[in-house]
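All ligand and atom numbering here is 1-based and tracks the order in the structure.
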Amino acid sequence: MQRAFLLLAALFSSASAAFHSGRSCKCGPSDSCWPSQAAWASLNNTVSGKLIETEPLAVSCYAGPSFNAAHCAKVDDQWTNATFQANSPVGYDYPRDLTCPPVNGSTTQLPASGPCTIGDSPRYAVNATVVDDISAAVKFAKQHNVRLVIKDTGHDILGRSTGYGSLEVWIRHLRTGLTFSESYESSCPATNYHGPSFSVGGGYTWENVYPIAQQNNVVVVGGGTPTVSVLGGWLQGGGHGPATRQYGLGADQVLSAQVVLADGCVITANACENQDVFFAIRGGGGGTYGVVAEVSIKAHPNFDVQMQSLSIAPLDISNTSSLLDAVAIIYEAIPDLNDGGFAGYGTWSIAQPTPLVGNSTAGYVHGIYLFNQSTDTAKKLFAPTLEKLKPYNGTSLSITVDYTSFPDYWDFYYKAAAVNGPVGTASALGSRLFSRRSVQEDPAGLREMIGVIAGTPEEFTSNSLEIVGGGAVFSGGSDPLSGVNPAWRISYFNNIVARGWAPGSNQSVIDATQNDITYVKDAAMNKQAWDTGVYMNEANRLDPDYPWNFYGLHYGPLLAIKNFRDPAGVFYCVTCVGSAEWKENAEGVLCPLS
Ligand SMILES: Cc1cc2nc3c(=O)[nH]c(=O)nc-3n(C[C@H](O)[C@H](O)[C@H](O)COP(=O)(O)OP(=O)(O)OC[C@H]3O[C@@H](n4cnc5c(N)ncnc54)[C@H](O)[C@@H]3O)c2cc1C
Ligand SMILES: *[C@@H]1O[C@H](CO)[C@@H](O)[C@H](O)[C@H]1NC(C)=O
Ligand SMILES: *[C@@H]1O[C@H](CO)[C@@H](O)[C@H](O)[C@H]1NC(C)=O
Ligand SMILES: *[C@@H]1O[C@H](CO)[C@@H](O)[C@H](O)[C@H]1NC(C)=O
Ligand SMILES: *[C@@H]1O[C@H](CO)[C@@H](O)[C@H](O)[C@H]1NC(C)=O
Ligand SMILES: *[C@@H]1O[C@H](CO)[C@@H](O)[C@H](O)[C@H]1NC(C)=O
Ligand SMILES: *[C@@H]1O[C@H](CO)[C@@H](O)[C@H](O)[C@H]1NC(C)=O
Ligand SMILES: *[C@@H]1O[C@H](CO)[C@@H](O)[C@H](O)[C@H]1NC(C)=O
Ligand SMILES: *[C@@H]1O[C@H](CO)[C@@H](O)[C@H](O)[C@H]1NC(C)=O
Ligand SMILES: *[C@@H]1O[C@H](CO)[C@@H](O)[C@H](O)[C@H]1NC(C)=O
């Protein structure tokens, strides 16, 4: 079945290649083909006055008609608040190129003198509240050859919800319904699912869904961070969270979707109709094939949770070699721990600006947990790993282990798993998925890799491990209608490596940091885990091998679907499928490569 489907996709691809010759550069704001005021007014009329001419979020800090010291102080205060950023059509958690930075309002009552421009953020946004608004925006962008961007929360780490000289479809305020059902009903027999489900229409975030799941005593697979959107980039790019080992990736939960295509038409995609789009949006990446306006997703039984907290600190902070030995022992053990049922999150560093474990700025911490098992089982599963760690305890490391029981998933989630970190600053970030082979075949290579990704103390490198694979993520690999990177189906955990830079750093400092992540740290992980790939949503936007790393064997079929469904290239985002056919010119305008 899958083979026939992929063959079909390849046929679509060759048939659509001919359309590409008609592509030209998108119309940029300084081009004569940029839509006239009358054209924008006409679009505004079509969307009932919901067209916004954007201005930078911190414009109130700068000289000009928008200067407002009190508002500027609020922007500065709220800059790191993900919800505040999400409530602006041009608010981003990882602003890549800040052309209008916030200014510390408590120290200045005078307008800041620096430049403040919209940069690569969209010029206009349709504040969509009904699906017709989306269609109108897509049709307008296509007709006027204007770059189109889709944004929900703006959490994207790679800059995929922004773009120079673009019109934005802003779906944050699309709220066409959020409902729970005890038993899913579908006119598509092939869906073959009758359990509990949610129907999510529009820009809801997980913080909107979780309380309803809790009330109905079900678990829903959502993000660890509750401010990410349900049906946007998180889900379409894979989507992991505290329950994915137990119940599968976010993309695996999708039963049916309503999608606005590049011609503005609205379709239903499920296991019976528009299977190509169904496949693509279930893991093939957001912002590429259409605008998802509504999804139905599975919900699952609730359960109790047993959590283990482990922390490790070096006795002598000037020698972290034993700490890295311990990290290697744990990484090697993860496949067995995960097969036993453990999932969870950890973080480690050899040097952080603030304490990580107790008052140590170097260390390793994790919280890993089992569902529907006893604490005894948790202890037994961890015993072989603890045996390997114990010789270090008191000699070069200080190691503590604790266990906590939670009566149900939601008690666990709110007390131990929800993450609401500060946003609003860019950093250089890379990542890699890890299979059993990649951590067990070559222990010396693994230890060496850990030394490389640890960096040097003055770099303040941090590593995060997300044990969110295995279990149901593996079994989801048998679904022929899953577009998820096949690397997920053999990977037990994801490792993210990140470095920041001091505020006000010059471009050569930023470039050197970025290059270190790409060509040293990512490269070391790629070498060790050559058999896997990268989770596209927590990835390096400058990954030189992103088609293979982000999409694996699904890149070909996804590209065929993209070219069949969007031959004109209405949808574009950096690193997204089909994006290799475009390049920004010096001004930032998108032009076809050939
Ligand atoms: C603070 C933070 C915490 C995170 N936590 C997690 C986590 O726990 N688990 C995890 O897996 N990932 C996590 N991520 C990564 C997250 O999955 C990505 O940032 C993801 O792109 C967010 O999707 P969004 O729709 O909320 O964001 P946006 O920036 O609004 O959109 C992201 C991408 O999706 C596209 N898109 C948005 N809406 C639609 C739509 N309706 N139809 C089609 N395309 C659309 C956009 O064009 C863009 O390409 C986190 C990121 C941040 C910044
Ligand atoms: C769209 O129309 C509304 C209502 O008339 C108006 O407030 C808004 O400024 C218009 N948008 C643009 C970009 O002109
Ligand atoms: C974050 O922003 C939202 C929306 O403006 C607001 O409701 C919330 O109180 C803010 N949180 C904090 C901690 O300031
Ligand atoms: C803003 O200025 C105040 C007063 O000098 C200072 O306490 C605060 O830390 C500054 N905030 C930022 C974000 O720099
Ligand atoms: C977008 O629309 C929503 C819903 O109508 C409204 O509450 C919000 O203020 C609008 N945002 C902007 C920036 O116009
Ligand atoms: C660091 O500690 C390890 C193990 O305790 C030891 O073998 C090594 O020689 C030490 N390195 C330095 C530079 O002291
Ligand atoms: C913090 O460090 C000091 C030594 O610098 C040590 O005596 C103390 O026990 C440490 N406290 C904790 C909580 O680890
Ligand atoms: C929990 O475990 C029991 C006994 O092993 C089993 O019957 C039950 O189905 C499990 N519950 C869930 C939600 O997996
Ligand atoms: C490590 O040693 C300390 C001090 O002897 C002890 O309290 C602690 O329980 C040990 N940790 C583990 C995981 O055994
Ligand atoms: C950039 O900043 C670094 C660190 O402050 C400095 O060493 C370097 O000379 C600067 N480079 C340029 C081109 O200004």
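Applying the 4.0 Å criterion to heavy atoms of N393 picks out, from ligand 9, the atoms 1 (C), 2 (O), 3 (C), 8 (C), 10 (C), 11 (N), 12 (C), 14 (O). If you number the atoms of ligand 9 from 1 as listed, the ones under 4.0 Å from a heavy atom of K390 come out as 14 (O). Ligand-side atoms of ligand 5 in range of I52: 12 (C), 13 (C), 14 (O), range being under 4.0 angstrom from any heavy atom. Numbered from 1 in the order shown, with element, the atoms of ligand 9 that lie under 4.0 Å from a heavy atom of V401 read 13 (C).
With 3.5 Å as the limit, one finds no donor-acceptor pair spanning the side chains of R436 and N338.
Judged by the shortest distance from any of its heavy atoms, T400 lies outside the 4.0 Å radius around the atoms of ligand 9.
Note that atom 2 (O) of ligand 5 has protein non-hydrogen atoms nearby, at separations under 4.0 angstrom. The presence of a protein heavy atom under 4.0 Å from atom 14 (O) of ligand 9 is confirmed. Note that atom 7 (O) of ligand 3 has no protein non-hydrogen atoms nearby, at separations under 4.0 angstrom.
For the two cysteine residues C61 and C72, the thiol sulfurs sit under 2.5 Å apart.
In terms of N/O distances under 3.5 Å, ligand 3 is not approached by T83. Residue contacts with ligand 9: I399 is placed with a nitrogen or oxygen under 3.5 Å of a nitrogen or oxygen of the ligand (distance criterion only).
For atom 5 (O) of ligand 5, the nearest protein heavy atom (residue, atom name, distance) is T129 CG2, 4.0 Å. What sits closest to atom 11 (N) of ligand 3 on the protein, heavy atoms only, is N81 ND2, 2.8 Å. Closest to atom 10 (C) of ligand 5, if we only count protein heavy atoms, is N127 ND2, 2.5 Å.
In summary, the aromatic rings of F493 and Y331 are positioned with their centroids under 6.0 Å apart.
With Y92 as the aromatic partner, K151 meets the cation-pi criteria of under 6.0 angstrom to the ring centre and within 45 degrees of the ring axis. Annotation: cation-pi pair R147/Y164 absent, no NZ/CZ under 6.0 Å from the ring centroid and within 45° of its normal. Under the 6.0 Å distance and 45° angle rule, R245 does not count as a cation-pi partner of Y369.
Between the side chain of S166 and the main chain of G163, a donor-acceptor pair closer than 3.5 Å is present.
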Test log, rule side chain to side chain contact (heavy atoms under 4.5 Å, CB included), inputs L465 and Y345:
CA-CA 6 Å; L465 77 147; Y345 300 88; over 6 Å; no

